[in-house]
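Report on one structure; see the data block that follows.
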Amino acid sequence: MAAVAQPSPHLFGAVLRALQGCDPWSQSMSTVLSGLTAHLSTAEAEHLPEAFAGVLPLLRNDRERLRLAVEFAARLDYFEAAGAVAAAAVELADRDLLLEAAALCGNPTADGAARARVLDAVHDDRAALIRIDPAVVPATADEKRLHLQCWPGARSSHGQEAALAPVVVIDTQLDALAALRLSVRLDAAGASLRRLAERGGVPRWFGPETVLICHPKTRSRVLSAFPSFSERLILYEEIPQDGRGTDGLLRRVNAVLDGFSKLEIEKPGSDVETVVWDPDVFTAGVYPTREAAFLAAASASSLNYLHKQRRLVPREFGGGWYWNFRDVVAVRTWQYLKSQAVRRVSSKVVEALVKFAGDSQAVQLGATSEGDMLVDHGSGWVNAVTGQSALGLEITEIDAVFRPFDYGAGTAIDLLQASANTRLYPTTLNGTPHLQGHRISAKALASVEYEHGREAIEAAYPELEGVVFEDTVEVGLRLLKAG
């Protein structure tokens, strides 16, 4: 989709509806913005800061919504809105708005005219001056705490007298929509957000409780300005587009943060797939051969071959073989590596994954075409067997294996989210795909439709009245066909 030159009327309308439809007393910023971002394109997300700036004049007679919009802009570091926020603050003589304008002007990429206007308006207001300029020396304990929160580069690596929010800096060169969704999650987890623009100075942000998510070229720019900034705190990668990938990135951010400056990440519920590396989860699941093969993007003969080679050790029950979630992931990883590689991929990777018992502290797992199994606890890849650092290896993250991919016989479904309303969790219904939010398997729904027609499903499951389940039925039909 081509980038739009400026915020579209649709985008202005979406922002206004989000602000006017929310209840600031009962709804969090993440709730409001999650609803807004669900319908945005990447091109619109790129211009969301300007859209927030554009709606401020329309909210001047609604002070509550105006403050809410300004708070959102400040918490997301939408420095592009600094001029509009400053204009509203000066016109309304509102100190709270002026402080938010000062915070936005602390970003070196903010408009110079807006910064000059704010400086002229604040006079000797220390709280505002500290937000704008890191060179202002704090004189009191409260001022010191404010200074350390605004300018985390001044924090000591030996810890602080009181906990301060960790700071996550996001490179504006990354995908705007993915960055926005990540920002909403980070804010809800207690992080303070900054945006580092491609042009402009590198501010005094980079300290021991700062994590930078950026493109590799931005890494060089930051390290040139702050040579002492730890490379361990730089995650240079694209931001995931899906919720599961974002969960993994949040865990990686948390893993590199020390002390009690940690994100407060919500614990996943029973229908969330973010803890699959937990030993009790990774080794769960009971799949008959054909279902395991379907989920692993392989053939039943491939599983039997790996069994004969003792790469896999399934359980025997009632004259048949049954496989667990770890077996499925192991075979699927082998299939994925073969689909991506131009050279031979060793089946030893299957054996390595099957021997892996799970690791609840793992941020991510990786594999190589030579059959190495690797784990990252937040400080870099190490061999899961030897514990040695993995240097110079071409590593595939296992998270990629869960997503759809093309292979010789077709296209693998998303392993953990086969469709919009279909989930797989190893400890729910023995790991078979099921309808999200319900303990009803996709195969059970498909069986009812196959035998009695789709209208019979709600008769068999009255709790599904008004629930969207058609896509789960389609997944179930594929599973029945595979079985």
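- One finds the NZ atom of Lys262 at 10.5 Å from the CD atom of Glu209 (value rounded to the nearest 0.5 Å).
- For Val329 against Leu353, the heavy-atom pair with the smallest separation is O-CD1, 4.2 Å.
- Using modelled atom types and a 3.5 Å distance limit, the side chains of Thr218 and Gln173 yield a donor-acceptor pair.
- Thr42 contributes no side-chain N or O that, together with a main-chain N or O of Leu177, makes up a donor-acceptor pair within less than 3.5 Å.
- A search for side-chain hydrogen bond (donor to acceptor under 3.5 Å, both in side chains) contacts involving Asp471 returns Ser419, Asn421, not counting sequence neighbours.
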Check: When you look at Tyr78 and Phe72, which way does the ring-ring contact (aromatic ring centres under 6.0 Å, His included) test go after all the steps?
Finding: CA-CA 8 Å; Tyr78 280 171; Phe72 285 178; 9.8 Å; no
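- Trp151 contributes no side-chain N or O that, together with a main-chain N or O of Pro203, makes up a donor-acceptor pair within less than 3.5 Å.
- Between the CG atom in Asp94 and the CD atom in Glu100 there is a gap of 9.5 Å [rounded to 0.5 Å].
- Within the 3.5 Å criterion, the main-chain N or O of Leu148 finds a donor-acceptor partner in the side chain of Arg155.
- A salt bridge links Glu231 to Arg219: one of the charged nitrogens lies within less than 4.0 Å of a carboxylate oxygen.
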Item checked: Candidate pair Leu337 and Thr396, rule side chain to side chain contact (heavy atoms under 4.5 Å, CB included), full reasoning -> CA-CA 8 Å; Leu337 289 172; Thr396 296; 3.4 Å; yes
Margin query: One pair to check against side chain to side chain contact (heavy atoms under 4.5 Å, CB included): Lys355 and Met373. What are the steps and the verdict?
Written below: CA-CA 10 Å; Lys355 289 181 178 178; Met373 171 69 192; over 6 Å; no
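- Using a 4.5 Å cut-off on side-chain heavy atoms (C-beta onward), Thr428 and Arg439 make contact.
- In this structure, CD1 on Ile395 lies 5.0 Å from CG on Leu374, to the nearest 0.5 angstrom.
- Residues Arg185 and Ser183 have side chains that never bring a donor and an acceptor to within less than 3.5 angstrom of each other.
- In this structure, Arg131 contributes its side chain and Ala127 its backbone to a donor-acceptor pair below 3.5 Å.
- Counting all heavy atoms, side chain and backbone alike, Ala82 lies closest to Ala110 at CB-CB, 4.3 Å.
- For the pair Leu104 and Val85, the minimum side-chain heavy-atom distance is below 4.5 Å.
- The nearest pair of heavy atoms linking Thr109 to Arg199 is OG1-O, 3.5 Å.
- Looking at Thr210 and Val169, their side chains come closer than 4.5 Å, going by heavy atoms from C-beta outward.
- Residues passing the side-chain hydrogen bond (donor to acceptor under 3.5 Å, both in side chains) test with Ser224, sequence neighbours excluded: none.
- Of the possible polar contacts, one joining the Arg232 side chain to the Val256 backbone as a donor-acceptor pair under 3.5 Å is found.
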Note to self: I'd like to know whether Val382 forms a side chain to side chain contact (heavy atoms under 4.5 Å, CB included) with Asp376, so could you lay out the CA-CA distance, the side-chain angles of the two residues, the decisive distance to 0.1 Å, and finally the verdict.
What the structure shows: CA-CA 6 Å; Val382 297; Asp376 180 7; over 6 Å; no
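- Two residues are said to be in side-chain contact when any heavy atoms from C-beta on lie closer than 4.5 Å; Thr422 and Leu435 fail this criterion.
- Glu80 is linked by a side-chain hydrogen bond (donor to acceptor under 3.5 Å, both in side chains) to Arg195, counting only residues two or more places apart in sequence or in another chain.
- Pairs passing the salt bridge (charged side-chain N to carboxylate O under 4.0 Å, His left out) check and including a residue from residues 49-62, sequence neighbours excluded, read Arg60-Glu91.
- Using the six-membered ring where Trp is involved, Phe325 and Phe402 have ring planes that are tilted, between 30° and 60° apart.
- In this structure, Ala179 and Ile239 approach most closely via the heavy-atom pair CA-CD1, 3.6 Å.
- Of all the heavy atoms in Ala362 and Arg251, the pair that sits closest is O-NE, 4.4 Å.
- Taking the side chain as every heavy atom from C-beta outward, Ile170 and Leu186 approach each other to under 4.5 Å.
- With values rounded to the nearest 0.5 angstrom, Tyr236 atom OH is found 8.5 Å from Cys214 atom SG.
- Residues Gln149 and Ser192 are in side-chain contact: their nearest non-hydrogen atoms beyond the backbone lie under 4.5 Å apart.
- Within the structure, side-chain hydrogen bond (donor to acceptor under 3.5 Å, both in side chains) pairs that include any residue of residues 380-391 do not occur (at least two apart or interchain).
- In summary, the side chains of Asp142 and Thr140 do not present any donor paired with an acceptor at a separation below 3.5 Å, with no hydrogens or angles considered.
- Taking NE2 from His438 and CG from Leu429, the interatomic distance works out to 12.0 Å, rounded to the nearest 0.5 Å.
- In this structure, Arg181 contributes its side chain and Pro240 its backbone to no donor-acceptor pair below 3.5 Å.
- In this structure, CG in Leu415 is found 11.5 Å from CD1 in Ile398, a value given to the nearest 0.5 Å.
- Side chain of Gln335 to backbone of Ala297: a donor-acceptor contact under 3.5 angstrom is found.
- Annotation: side chain of Tyr407 is not in contact with side chain of Gln340 (no heavy-atom distance under 4.5 Å).
- Counting only distance, with no hydrogens or angles, the side chain of Arg423 and the backbone of His434 share no donor-acceptor pair below 3.5 Å.
- Contact detail for Val375 and Ala384: the closest heavy-atom pair is CG1-CA, 4.2 Å.
- Using the six-membered ring where Trp is involved, Phe206 and Phe229 have ring planes that are perpendicular, over 60° apart on the 30 and 60° scheme.
- Ion pairing between Glu71 and Arg75 holds under the 4.0 Å rule for side-chain N and carboxylate O.
- A donor-acceptor pair is defined here as one N or O able to donate and one able to accept, closer than 3.5 Å; no such pair exists between the side chain of Asp171 and the backbone of Ile213.
- Leu119 places a side-chain heavy atom less than 4.5 Å from the side chain of Leu129.
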Margin query: I'd like to know whether Leu182 forms a side chain to side chain contact (heavy atoms under 4.5 Å, CB included) with Leu250, so could you lay out the CA-CA distance, the side-chain angles of the two residues, the decisive distance to 0.1 Å, and finally the verdict.
Written below: CA-CA 8 Å; Leu182 175 64; Leu250 288 174; 4.1 Å; yes
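- Listed by chain and number, the residues in a salt bridge (Lys or Arg N to Asp or Glu O under 4.0 Å) with Glu370 are Arg343 (sequence neighbours excluded).
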